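The structure under discussion appears below in the form of structure tokens.
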Amino acid sequence: SSEGKAEAQFVGVTANGAITAYYPYSAQTSLAEGKLTISASNKQDYNESMIAQFIENTPFMVAKAEAGEKLTFEYVMGVLAVNIKANLRIKYIEVSSAKPLAGKLVIDTANGYLCSEPESGAKNTITLDVSAVLPEVSLDSPKMMYVSLPAGEYDDLVVTVTAENGDTLS
């Protein structure tokens, strides 16, 4: 068992010598034919600590190695930094794209872990819920907020900030 340890040892033989692994284990996650199916929530809760928020919302990591090589895990999720410079109290931030951002997603481990071919139920919007904190920002005191989304290149992201009073910024 490797629970709570930084290292784990696996003993055995693979069919072709290559090893693909993912972390953490989840009953909703599967790996078949080089494709990792994960379930990513379309609702994220804000945390004052960017590190804590990243860990809570981007736990999926994948590693691939040939026989005899060490596994190096890489996150399949990334972070979008949104710098808000306006006079308002933030209630939530919504990020949308034509590409799937949440729900059941398929990661092709052969192409750099980028998301591909959305499974049924994939969502094109992620909402960062900030309502428990309602941070106040101003023109003189902007705030950087972070939203986790699948690693990749996006040219169509739309970010909408909703204030406590219902006003929106896009």
Side-chain angles (χ1 to χ4, degrees), residues 20-32 34-64 73-138 141-170:
T20 302
Y22 63 91
Y23 175 86
Y25 170 79
S26 168
Q28 290 81 35
T29 304
S30 65
L31 178 64
K35 297 194 180 202
L36 176 70
T37 302
I38 64 173
S39 181
S41 177
N42 67 329
K43 181 180 180 279
Q44 300 174 12
D45 292 319
Y46 173 73
N47 190 314
E48 286 283 339
S49 165
M50 195 264 309
I51 302 289
Q53 185 173 329
F54 182 76
I55 291 169
E56 290 169 15
N57 295 306
T58 59
F60 309 109
M61 295 187 290
V62 176
K64 187 173 182 177
F73 284 89
E74 296 182 24
Y75 284 103
V76 297
M77 302 289 279
V79 175
L80 174 68
V82 180
N83 190 23
I84 301 167
K85 189 174 183 178
N87 295 316
L88 54 83
R89 283 189 172 277
I90 304 165
K91 186 173 182 182
Y92 60 87
I93 298 171
E94 184 177 271
V95 178
S96 59
S97 171
K99 294 182 180 181
L101 300 175
K104 287 201 176 232
L105 303 171
V106 177
I107 313 299
D108 188 343
T109 60
N111 73 2
Y113 312 128
L114 299 178
C115 287
S116 63
E117 55 189 81
E119 290 283 310
S120 61
K123 310 277 189 230
N124 293 43
T125 302
I126 294 177
T127 301
L128 176 65
D129 186 353
V130 191
S131 63
V133 179
L134 291 173
E136 189 170 348
V137 296
S138 69
S141 181
K143 178 109 178 133
M144 189 73 74
M145 308 291 281
Y146 303 94
V147 180
S148 299
L149 65 160
E153 294 183 18
Y154 299 90
D155 57 7
D156 67 340
L157 285 179
V158 175
V159 178
T160 304
V161 178
T162 301
E164 178 183 34
N165 66 5
D167 289 348
T168 59
L169 301 170
S170 288

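Just so we're clear, the structure is a prediction, and the values are computed from it rather than from any experiment.
Closest approach of A81 to M144, counting heavy atoms only: CB-SD, 3.7 Å. Closest of all the heavy-atom pairs between L105 and A122 is CD2-CB, 4.3 Å. Contact between A102 and A40 at its shortest, heavy atoms only, is CB-O, 3.3 Å. Taking both residues in full, the closest heavy atoms of K143 and P135 are given as CE-CB, 4.3 Å, listed atom of the first, atom of the second, then distance.
Here the OG atom belonging to S148 is positioned 11.5 Å from the CG atom belonging to L101, to the nearest 0.5 angstrom. Between atom CD1 of residue I90 and atom CE of residue M145 there is a gap of 4.5 Å, rounded to the nearest 0.5 Å. For the atom pair CG of N83 and OH of Y146, the computed distance is 8.5 Å after rounding to the nearest 0.5 Å.
Within 6.0 Å of OH on Y46 lie more than 12 heavy atoms contributed by other residues, nucleotides or ligands. Around the NZ atom of K99, the shell of radius 6.0 Å holds more than 12 heavy atoms that belong to other residues, nucleotides or ligands.
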For this session: Apply the test side-chain hydrogen bond (donor to acceptor under 3.5 Å, both in side chains) to residues T168 and T162: give CA-CA distance (whole Å), side-chain angles for both, the deciding distance (0.1 Å), then the verdict.
Result: CA-CA 4 Å; T168 59; T162 301; 5.9 Å; no
Problem set entry | Verdict with supporting geometry, I126 and E94, side chain to side chain contact (heavy atoms under 4.5 Å, CB included) | CA-CA 6 Å; I126 294 177; E94 184 177 271; over 6 Å; no
Exercise. Where do V159 and L80 land on the side chain to side chain contact (heavy atoms under 4.5 Å, CB included) test, with the steps shown first?
Worked result: CA-CA 10 Å; V159 178; L80 174 68; 4.1 Å; yes
Exercise. What's the verdict on side chain to side chain contact (heavy atoms under 4.5 Å, CB included) for S97 and N124, showing C-alpha distance, side-chain angles and the deciding distance?
Worked result: CA-CA 6 Å; S97 171; N124 293 43; 5.7 Å; no
Exercise. Do L149 and L157 pass the side chain to side chain contact (heavy atoms under 4.5 Å, CB included) test, and can you show the C-alpha distance, the side-chain angles, and the key distance before you say yes or no?
Worked result: CA-CA 11 Å; L149 65 160; L157 285 179; 4.2 Å; yes
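Partners of L169 under the side-chain contact (heavy atoms from CB on, under 4.5 Å) rule, at least two apart in sequence or in another chain, are A86, L88, V161.
Listed by first and then second residue, the salt bridge (Lys or Arg N to Asp or Glu O under 4.0 Å) pairs that reach into residues 122-137 are K43-D129, R89-E136, sequence neighbours excluded.
Contact of the I84 side chain with the P142 side chain is not registered, since no non-hydrogen atoms from C-beta on lie closer than 4.5 Å.
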